Amino acid sequence: MKRTGSRWCLNGCSPTLERLSHRTRDALEAPVAPLTGHIELNKISKVRAEPRAEAHYVDERSGATYSIDDLRWCGDDGAPLTVSALPGITREQVDTGARSLWRYRAALPVRIDAPVSLGEGCTPLVEKGWGEDRILFKLEWFSPTGSFKDRGTSVMISLLAQRGVGEVIEDSSGNGGASVSAYCAAAGIRARILAPATTSPAKILQSRAYGAEVELVPGDRDATAAEALRQSAHTYYASHNWHPFFLQGTKTLAYELWEDLGFTAPDAVVTVAGAGSTVLGCDLGFSELLAAGQITRRPRLLVAQPAHCAPFHAAFRAGTETPVPSLHAPTIAEGTAIREPVRFPEVLRAIRRSDGDMAAIPEDAIAAAVRRLAAMGLYAEPTSATAAAAIEVFRARGAIRPGETTVVLLTGSGLKAAPTMTEIFAPEGDER
């Protein structure tokens with residue numbers, strides 16, 4: 001346990017108030033008490049996993065580095081961490097005997113001896129016509145809990161299980177919490193999920209079904225994050241937004257698309273961003289493949305957000321890496337309703353590094369995309385359908401080009417958003 005300023009940290013990884021968003025600081029009404037008697041977590045920080053390529057944790061904002069053996073989820077000053085640049089792998093290193101994302105285990109920064117896997121990864125890539133274009137839709141809802149988050153969760157929970165963590169907390173608007181609950185159940189780890197009180201009932205039910213304790217927090221997504229930070233003083237914080245190994249799992253999306261396409265990269269990847277983990281995962285994976293000489297260029301990352309909550313889009317258009325004033329209103333794409341994402345500058349850099357673009361999508365266009373996908377046999381939740389709704393926007397700007405290979409990530413199933421889907425598909429004149 002380390003002390004930084006006036007705040008106590010578990011292995012130096014509880015953010016200081018100075019580095020938190022102003023909304024999160026306001027929500028933390030009282031300082032976190034010193035951690036005492038938490039012997040079990042102090043012990044498990046000594047467990048070692050075999051490192052690869054001398055990997056370590058990096059705070060990209062300050063340049064600070066930390067041992068990858070540390071049981072931490074952020075830097076000493078509260079900044080988010082990533083894993084240092086890795087060399088990538090070749091097609092010969094793909095374990096074709098594993099039908100899951102663990103076929104790419106050679107690309108991970110540490111050796112995981114007993115992966116916690118439910119068969120995540122190896123999701124379908126389906127070609128469909130969308131107006132003038134032929135689009136490849138990556139159906140991530142075929143993941144075990146119905147969303148792409150299973151990629152990151154499998155790797156994160158595998159690491160924590162290997163290091164002896166017995167209990168975790170996670171804050172989530174739904175999909176992340178359901179995913180962490182499932183993988184903790186598979187690993188025999190106790191899980192407590194904090195979620196906004198307005199979260200879709202189907203998503204909350206799923207977490208409870210896996211045996212997790214669910215705590216509903218009044219207020220918005222930021223209030224839930226603040227409560228998670230408060231509770232992280234005594235329970236390990238397995239956050240899909242903060243933990244660097246979550247991104248190590250998400251990067252397998254890039255490796256899988258590379259293999260799906262005959263070991264080549266697509267020209268463009270269209271996705272939606274709330275916290276931005278698909279953006280960062282694709283950036284990591286394709287950057288590693290570029291470093292390994294397996295591809296010749298990164299795909300353009302074309303990123304959509306709902307116009308009702310588009311902080312990345314506002315900053316992207318303003319040409320900055322810091323938040324600028326923007327609209328924050330309720331959206332049917334509830335999974336993206338994050339006003340102040342943790343990895344804000346990192347996501348914007350990844351988009352710009354790929355020569356990518358962003359679009360803000362109106363609510364009616366998101367709903368129309370949900371209906372259009374369903375008419376093609378693809379039942380996508382509104383958050384996921386936001387990416388499809390952006391296709392015409394990016395085509396009009398020349399970011400999606402004729403004759404190129406474009407992949408649209410459909411991150412979650414419509415079954416996850418039953419109340420919203422009921423409203424979208426209500427018969428005309430039905431006022432339910």
Side-chain angles (χ1 to χ4, degrees), residues 99-101 118-151 174-175 178-179 200 202-203 205-206 253 256-257 259-262 266-274 278 282 302-304 306 331-336 359 361-395 400 402-428 430 432:
R99 196 186 180 284
S100 72
L101 66 79
L118 297 171
E120 58 292 321
C122 295
T123 57
L125 187 64
V126 177
E127 184 175 18
K128 295 283 187 180
W130 192 273
E132 303 171 6
D133 303 298
R134 299 299 295 177
I135 300 293
L136 295 171
F137 291 96
K138 185 69 167 165
L139 308 185
E140 283 293 283
W141 63 65
F142 276 82
S143 301
T145 74
S147 87
F148 81 98
K149 287 189 168 71
D150 292 345
R151 292 181 182 271
N175 282 336
S179 184
S200 158
K203 294 179 181 179
L205 173 62
Q206 191 175 9
L253 255 172
E256 193 167 302
L257 288 172
E259 187 178 6
D260 284 343
L261 297 172
D267 295 290
V269 175
V270 185
T271 188
V272 64
T278 56
C282 286
L302 307 178
V303 183
T331 173
I332 59 173
E334 64 177 4
T336 62
I361 308 300
E363 296 290 290
D364 58 351
I366 297 172
V370 170
R371 296 188 194 96
R372 186 171 177 181
L373 288 167
M376 297 161 49
L378 303 178
Y379 195 57
E381 67 176 342
T383 296
S384 177
T386 305
I391 294 172
E392 284 93 345
V393 177
F394 291 130
R395 182 202 300 125
I400 291 177
E404 292 190 338
T405 300
T406 298
V407 173
V408 174
L409 303 180
L410 296 181
T411 52
S413 167
L415 296 173
K416 295 298 202 79
T420 305
M421 298 296 277
T422 299
E423 292 179 10
I424 290 174
F425 287 100
E428 188 173 348
D430 190 334
R432 72 180 67 188

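Everything numeric in this text was worked out from a predicted model, so none of it was measured.
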Can you find a heavy atom in the side chain of [X] that is under 4.5 Å from one in the side chain of [Y]?
X    : Y    : answer
E127 : I135 : no
F142 : P124 : yes
Y379 : L415 : yes
L410 : V408 : yes
S143 : T123 : yes

Donor-acceptor pair, side chain of [X] and main chain of [Y], under 3.5 angstrom:
X    : Y    : result
E256 : C122 : yes
D150 : T145 : yes
E259 : L257 : no
T422 : A418 : yes
K128 : M376 : yes

* Taking atom CD of E132 as the centre, report whether more than 12 heavy atoms of other residues, nucleotides or ligands fall under 6.0 Å from it. =>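 No, the 6.0 Å shell around CD holds no more than 12 heavy atoms from other groups.
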* Asked: Can you tell me if CZ on R134 sees more than 12 non-hydrogen neighbours from other groups inside 6.0 Å?
  -> yes
Donor + acceptor pair across side chains of [X], [Y] (<3.5 Å):
X    : Y    : value
T383 : T336 : no
N175 : Q206 : no
W130 : E392 : yes

Please round to the nearest 0.5 Å and tell me the distance separating atom [atom1] of [X] and atom [atom2] of [Y].
X    : Y    : atom1 : atom2 : result
D260 : L136 : CG    : CG    : 9.0 Å
T406 : L302 : OG1   : CG    : 7.5 Å
L378 : S384 : CG    : OG    : 9.5 Å
M421 : I332 : CE    : CD1   : 9.5 Å

* Asked: When you look at E363 and T331, which way does the side chain to side chain contact (heavy atoms under 4.5 Å, CB included) test go after all the steps?
  -> CA-CA 7 Å; E363 296 290 290; T331 173; 2.7 Å; yes
* Kindly indicate, with the supporting measurements, whether the criterion side chain to side chain contact (heavy atoms under 4.5 Å, CB included) is fulfilled by I361 and V393. => CA-CA 9 Å; I361 308 300; V393 177; 4.2 Å; yes
* Audit row: V270, L409, side chain to side chain contact (heavy atoms under 4.5 Å, CB included) steps and yes/no -> CA-CA 6 Å; V270 185; L409 303 180; over 6 Å; no
* Can K149 and E140 be counted as an ion pair, charged N to O under 4.0 angstrom? -> no
